[in-house]
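Only one structure is covered here, and it is reproduced in the block below.
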Amino acid sequence: MTEPSTQQPRRSPLPPTATDTDSGGRSTVPLDSTAQLLTRVTAQLSLVSRNGTRRPMHRTRPSDTPRLPAAPRPSPAEAAPPTLLVVAHGSRDPQALRTVLALLDRVRDLRPGLDVRLGHIELNQPLLPDTLDGLRGADAVLVPLLLGRGHHVKHDLPAAAAAAPSVRTRIAAPLGPHPLLVEALYGRLVEAGWDPADEGGRRAAVVLAAAGSRDPDSAQDTRRTARMLAERLGAVPVVPAYASAATPTVPAALRALAARGRHRTFVASYFTAPGRFASAAASAAPRTAAVPLGAHPAMARLLLHRYDQALSATAPSEMVSLLASA
């Protein structure tokens with residue numbers, strides 16, 4: 001016979017629960033002490049306010065748990081850039097609108113994600129006021145698809161912007177004069193048959209055919225572009241001529257050059273798109289005239305340059321300076 005074990009039964013480290021019963025349904029766990037019951041009741045009462053409602057339980061974060069940083073706010077640089085609103089004159093020639101749309105596609109290819117829109121001063125849809133109406137509450141830079149300072153740049157564009165106070169607008173300088181514009185003119189001349197061997201020749205010359213304007217600043221801009229193109233062509237004479245409002249006309253300029261022995265003459269089309277004036281200038285050319293500037297790659301780069309230039313001019317006085325010195 002073995003002696004009964006004197007080892008005490010090992011108690012579970014977990015506290016007993018009120019659901020532990022024997023096969024007869026009697027509790028095998030001792031009831032909580034009075035002190036324990038009072039502690040539990042007091043804890044429950046602390047969650048009840050004086051008016052009988054239950055207070056929310058506030059959970060505290062462990063002291064060793066790091067607090068997550070707040071989500072950063074987008075900086076102004078990350079916000080969407082202002083819309084580039086190209087302002088074209090408009091033409092009854094159906095090729096004009098197609099040419100301008102092709103140019104805008106080139107701009108979008110150069111700067112994906114930039115909102116590029118079109119508005120016309122007259123003759124074509126969409127008109128500038130309609131495009132501005134669709135930009136309510138937004139920022140926009142009006143970039144004139146115009147080649148020099150004139151009535152449209154000085155009066156029509158500021159008037160259209162003032163008539164759309166719900167759009168925060170800036171007006172960029174016209175495209176000319178600028179080296180990129182000269183590069184586009186040169187490229188169109190080469191396409192029309194200009195031979196670099198003619199550069200510096202005594203028989204070669206170019207007529208820069210422009211629309212014309214009564215504004216003296218516009219004529220000054222055209223003359224400056226003519227001088228820049230002459231330098232690009234190796235000191236070949238470049239004579240500005242006009243389709244309206246100014247002299248000399250394209251035929252008169254061609255005759256004057258022929259009288260000086262310049263019989264190998266070309267007509268550079270100083271127009272952004274096909275139209276009545278561009279067709280009249282081309283018909284006066286003794287040989288194939290250069291096509292309008294249109295969607296030349298340098299034109300797309302120039303539009304974006306004027307857009308960026310307007311954005312960098314923060315003060316109104318700087319914008320006036322841009323328009324005056326372009």
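Atom set for the values below is all heavy atoms of this structure, side chains included, hydrogens, waters and symmetry mates excluded.
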Evaluation steps, side chain to side chain contact (heavy atoms under 4.5 Å, CB included), between Val116 and Thr83: CA-CA 6 Å; Val116 180; Thr83 295; over 6 Å; no
Taking [Y] as the starting point, is it possible to reach [X] by hopping between hydrophobic residues whose side chains are less than 4.5 Å apart?
| X | Y | value |
| --- | --- | --- |
| Val291 | Leu145 | no |
| Leu257 | Tyr270 | no |
| Val190 | Val267 | no |
| Leu304 | Leu103 | yes |
| Val87 | Leu127 | no |

State, yes or no, whether a side-chain contact exists between [X] and [Y] at a heavy-atom distance under 4.5 Å.
| X | Y | result |
| --- | --- | --- |
| Leu189 | Val206 | yes |
| His178 | Thr225 | no |
| Arg188 | Ser269 | no |
| His305 | Arg301 | no |
| Tyr242 | Val250 | no |
| Thr222 | Leu147 | no |
| Leu128 | Asp156 | no |
| Pro292 | Thr99 | no |

Closest non-hydrogen atom pair, [X] against [Y]:
| X | Y | answer |
| --- | --- | --- |
| Ser91 | Ala96 | CB-CB, 3.6 Å |
| Ala88 | Leu118 | CB-CD1, 4.1 Å |
| Ala289 | Ala285 | CB-CB, 3.9 Å |
| Ala140 | Leu135 | CB-CD1, 4.1 Å |
| Ala241 | Ala253 | CB-CB, 3.9 Å |
| Ala281 | Phe271 | CB-CE1, 4.2 Å |

Check for a donor-acceptor pair, side chain of [X] on one end and backbone N or O of [Y] on the other, with a separation under 3.5 Å.
| X | Y | result |
| --- | --- | --- |
| Arg170 | Val141 | no |
| Arg106 | Ala295 | yes |
| Asp221 | Pro177 | no |
| Tyr307 | Leu85 | no |
| Ser312 | Gln309 | yes |
| Thr247 | Thr249 | no |
| His120 | Glu122 | no |
| Arg287 | Thr265 | yes |

Nearest 0.5 Å, what's the [atom1]-[atom2] distance between [X] and [Y]?
| X | Y | atom1 | atom2 | value |
| --- | --- | --- | --- | --- |
| Leu97 | Arg92 | CG | CZ | 14.5 Å |
| Ser279 | Arg276 | OG | CZ | 10.0 Å |
| Leu208 | Met228 | CG | CE | 11.5 Å |
| Leu254 | Arg262 | CG | CZ | 14.0 Å |
| Ser213 | Arg149 | OG | CZ | 11.0 Å |
| Leu157 | His155 | CG | NE2 | 11.5 Å |

Pairs touching residues 128-139 that satisfy side-chain hydrogen bond (donor to acceptor under 3.5 Å, both in side chains), sequence neighbours left out: Asp133-Arg136, Asp139-Arg168
Who are the salt bridge (charged side-chain N to carboxylate O under 4.0 Å, His left out) partners of [X], not counting sequence neighbours?
| X | answer |
| --- | --- |
| Arg108 | Asp105 |
| Arg232 | Glu183 |
| Arg264 | Asp198 |
| Asp217 | Lys154 |

Salt-bridge present (Asp308, Arg306; N to O < 4.0 Å): no
Mutual orientation of the aromatic rings belonging to His89 and His152 [parallel < 30°, tilted 30-60°, perpendicular > 60°]: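 If you compare the ring of His89 with that of His152, the planes turn out perpendicular.
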Among Thr272, Leu303, Val153, Leu175, side chain to side chain contact (heavy atoms under 4.5 Å, CB included) partner for Pro144: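 Only one of Thr272, Leu303, Val153, Leu175 forms a side chain to side chain contact (heavy atoms under 4.5 Å, CB included) with Pro144, namely Val153.
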Those residues that, when tested against Glu231, pass side chain to side chain donor-acceptor pair (under 3.5 Å) (two or more places apart):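 For Glu231, no residue satisfies side chain to side chain donor-acceptor pair (under 3.5 Å) once neighbours in sequence are set aside.
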